[in-house]
Chemist: 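Below is the structure I would like to discuss, written out as structure tokens.
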Number of protein chains: 2
Amino acid sequence: MWCHWIDQAATLQVEEVWVTRSDEHAVGQIHARMPLSATPPTLADVAERAGVSRQTVSNAINNPDLLRPDTLVRVQESIDALGYSPNRAARNLRTRASHLIGMRIGPAQEGTANATMDRFVHSLVETSREAGYHVLLFAGTGSRTDPVAGYDDLLRSTAVDAFVVTDTYLGNPQAAWLQERRAPFVAFGRPWDTLQHGGQARHSWVDVDGAAGTELATRHLLDKGHHRIAWIGWRKDSRIGEDRRSGWSRAMHGRGLPTTGLASRVEDTVVSGREASAHLLDSAQPTAFVCASDTLAMGVLHTLRDRGLRAGEHVAVVGFDDSQVAQVVPPGLTSVRQPLEQVAVEVVSALEALLAHPPVSGSGVMLTPTLAVRGSS
Amino acid sequence: MWCHWIDQAATLQVEEVWVTRSDEHAVGQIHARMPLSATPPTLADVAERAGVSRQTVSNAINNPDLLRPDTLVRVQESIDALGYSPNRAARNLRTRASHLIGMRIGPAQEGTANATMDRFVHSLVETSREAGYHVLLFAGTGSRTDPVAGYDDLLRSTAVDAFVVTDTYLGNPQAAWLQERRAPFVAFGRPWDTLQHGGQARHSWVDVDGAAGTELATRHLLDKGHHRIAWIGWRKDSRIGEDRRSGWSRAMHGRGLPTTGLASRVEDTVVSGREASAHLLDSAQPTAFVCASDTLAMGVLHTLRDRGLRAGEHVAVVGFDDSQVAQVVPPGLTSVRQPLEQVAVEVVSALEALLAHPPVSGSGVMLTPTLAVRGSS
DNA sequence: GTGAAAGCGCTAACAG
DNA sequence: CTGTTAGCGCTTTCAC
């Protein structure tokens, strides 16, 4: 019986087995125990067993059509019998590729509803696998002094083939730095700074049209009969925030409605959303709120609770990101949902183009969000 | 001016530079442009520049105390000047180690408040880095037929040094399978099946004492004057669920209070929590709820809203996991918080022991959760 | 179609 | 303390 190399060790079977190293003297020997940490079979082992050269086995794996069908079958059978899988390190060394894509993961944001990145990571891992890649996570340095240290290290040691960069807000040095190094990367997020200056993006990116999302949300509320719809967004220096805000004002102005006095720009915290909504309710009596994030929307829900108002009955609320919070909070928070699964697909697709020969540095892809309607509107 | 190898390409400086490959003829030449994808410097480049052998450079990195101080300084200076970083693939091939730890990531659970894994991943990445490891994420196969395919692949291709296994519920085949293969891994979660049979755990694990958490939660409510405290937990076949339940009943019985008719066991969904709490309110008039998860607790909040009751005023509610939801939902959900940062530290510590020579397969580590008190209690 | 030779960049073992 | 030698397992020439 031919079994996988490690089964031999595990089950301690007394069988005629091939040893894992190509040691001719051991072939056909009886082994009561294999060493516990037996080294996996190599190309040479497979070759010997199949009666071909190492090269032929390599071809069977990487260029199967070069082999004669019967040879291929024989080699394949040996591969299966031995449970062979090419050694990654050796392959990486030879091909100068790791089939790993790096992604920096920041500290978990507590006290907010921001879980976009987590949902995205899931999707990215799934999609990468189909393209033959794994995702390598690395931490932000934590030190303000060198925000690109993690990237630098991975790049110089050729640990990853490419990066996925997720926080491409204006002034973020990573994209520019990676570009300068000619490091392959795809950004989840527009290159705001480049677009600002009317230039062409010089790197691949995928993004979701935030303005389209908030416009969708605002139209939804308008269709429900609301006229005084307030906006709670981020501070003016946030490009993403201003983009999302523009969707709200576009929808309002599109119906000939004024926006004066209905907007507020604050930090992205629950407390800020709570305070901003309280002020707006006092000053402008809105019947609905569109928010730049679920976090801010939760702040609105706090204010409504403070005042004995019920979301979805007295005042409508819409958030942004369709976080878990939006999904489970009573009575359900209507929220703009980013198509993160599709973002992942586009990111991987751009990555593949980037790593092809010759590399294709595609331009941007813009995706449109949807609206998850729930009890709050 | 000596600059990092890639800076040369990026800034297109006209300088006297060392080329990246050890090509004697090029030393001291003037280069207007370096090739855009110049290969990083190797050990040989550093050695040549420092006037030592390759081995000495290797020692400078891996065994600095073997070098004479002045030699070390000279080598270090060359390393810095060239921006040298050892090629991972080559090192991995030679040392038979990847310095990567694999972790399977399941699909994102929508419609629940379960974000434990995400918080844990963050912590794990941070902690691993300090130990010189990176985290490699891989996806569940999705196919029910072979739940260990991802592990198998990574293991056989020697892509990772070890695994962190997170879902060790009873009957989960992964732990047993990995153990059989002699694959180094640490479980986040007790080996329930082994403990059940009174045996010693044969693999390293780290877990959080769920019963202690619910006991803490229940005592907190008892101290607030509640007597009729209901439990909403998971189905009986969940070992974790039964463990958490035991903390509640222990606290209740400890004060001589009955638990009959106060417990409910349902699926881990918001809807189940909502229905269960509605039933319990009708049948047993509890004044407080302790739940096995934040998801179930959110179900309770739904019921309270349905009935015009206010959490924290009319009825107290405590959840489990201290999810983002618990943190932002009005009026704040009191919740048992797992010390995930500490779990990560213990996991990495166990991993290091496992990968040491000789490997130390430590037994289990049990950590105690805390209670995050908020408006709902 | 298949095989032989060379070498990716590094480190373990030994020699000086 | 430093240098020499060898080889990790694989794939890319290039013969045959």
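Chain A is the first sequence line, chain B the second, and so forth, proteins listed ahead of strands; every chain is numbered from 1.
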Chemist: Run the salt-bridge test on B/Arg49 and B/Asp45 with the 4.0 Å N-O cut-off and return the result as yes or no.
Modeler: no
Chemist: Quick one: list whatever passes ring pair (Phe, Tyr, Trp, His ring centres under 6.0 Å) with B/His122, sequence neighbours left out.
Modeler: none
Chemist: Take atom CG of A/Leu66 and atom P of D/dC16, then tell me their distance rounded to the nearest Å.
Modeler: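 Distance, rounded to whole Å: 20 Å.
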Chemist: Axis-to-axis angle across the helix from C/dG1-D/dC16 to C/dG16-D/dC1, five pairs an end, to 10 degrees?
Modeler: 30°
Chemist: Which listed nucleotide (C/dG3, C/dC8, D/dT2) is nearest to the side chain of B/Asn59?
Modeler: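 Nearest to the side-chain atoms of B/Asn59, counting from C-beta on, is D/dT2.
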Chemist: Run the side chain to side chain donor-acceptor pair (under 3.5 Å) test against B/Asn63 and tell me which residues pass, sequence neighbours left out.
Modeler: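 Checked B/Asn63 against side chain to side chain donor-acceptor pair (under 3.5 Å); zero matches.
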Chemist: Of all residues at least two apart in sequence or in a different chain, which pass the side-chain contact (heavy atoms from CB on, under 4.5 Å) check with B/Leu72?
Modeler: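 Applying side-chain contact (heavy atoms from CB on, under 4.5 Å) to B/Leu72 gives B/Ala60, B/Pro64, B/Leu67.
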Chemist: I'd like to check the side chain to side chain donor-acceptor pair (under 3.5 Å) partners of A/Ser128; sequence neighbours left out, ordered by chain and number.
Modeler: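 With sequence neighbours excluded, A/Ser128 shows a side chain to side chain donor-acceptor pair (under 3.5 Å) to no residue whatsoever.
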Chemist: Once you round it to whole Å, what is the distance between P of D/dC10 and NE2 of A/His99?
Modeler: 15 Å
Chemist: Taking side chain to side chain donor-acceptor pair (under 3.5 Å) as the test, write out the residues that go with B/Arg94, two or more places apart.
Modeler: none
Chemist: Test of understanding: with ring pair (Phe, Tyr, Trp, His ring centres under 6.0 Å), list the residues that count as partners of B/Tyr151, not counting sequence neighbours.
Modeler: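 Counting only residues at least two positions away or on another chain, B/Tyr151 forms a ring pair (Phe, Tyr, Trp, His ring centres under 6.0 Å) with B/Phe138, B/Phe163.
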Chemist: Mind checking if A/Leu67 touches a base, just sugar-phosphate, or nothing, with heavy atoms under 4.0 Å?
Modeler: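 Touches sugar-phosphate only.
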Chemist: Measure from CG on A/Leu93 to C1' on C/dA6 and round the result to the nearest Å.
Modeler: 13 Å
Chemist: What is the distance from CZ of A/Arg96 to P of C/dG9, rounded to the nearest Å?
Modeler: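 Going from CZ in A/Arg96 over to P in C/dG9 covers 4 Å.
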Chemist: Summarise how protein sits on nucleotides 10-16 of chain C as a single string, 5' to 3': B when a protein heavy atom is under 4.0 Å from the base, S for sugar-phosphate-only contact, - for no contact.
Modeler: BBBB---
Chemist: Sequence neighbours left out, what passes side chain to side chain donor-acceptor pair (under 3.5 Å) with A/Asp70? Give chain and number order.
Modeler: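 Partners of A/Asp70 under the side chain to side chain donor-acceptor pair (under 3.5 Å) test: A/Arg68.
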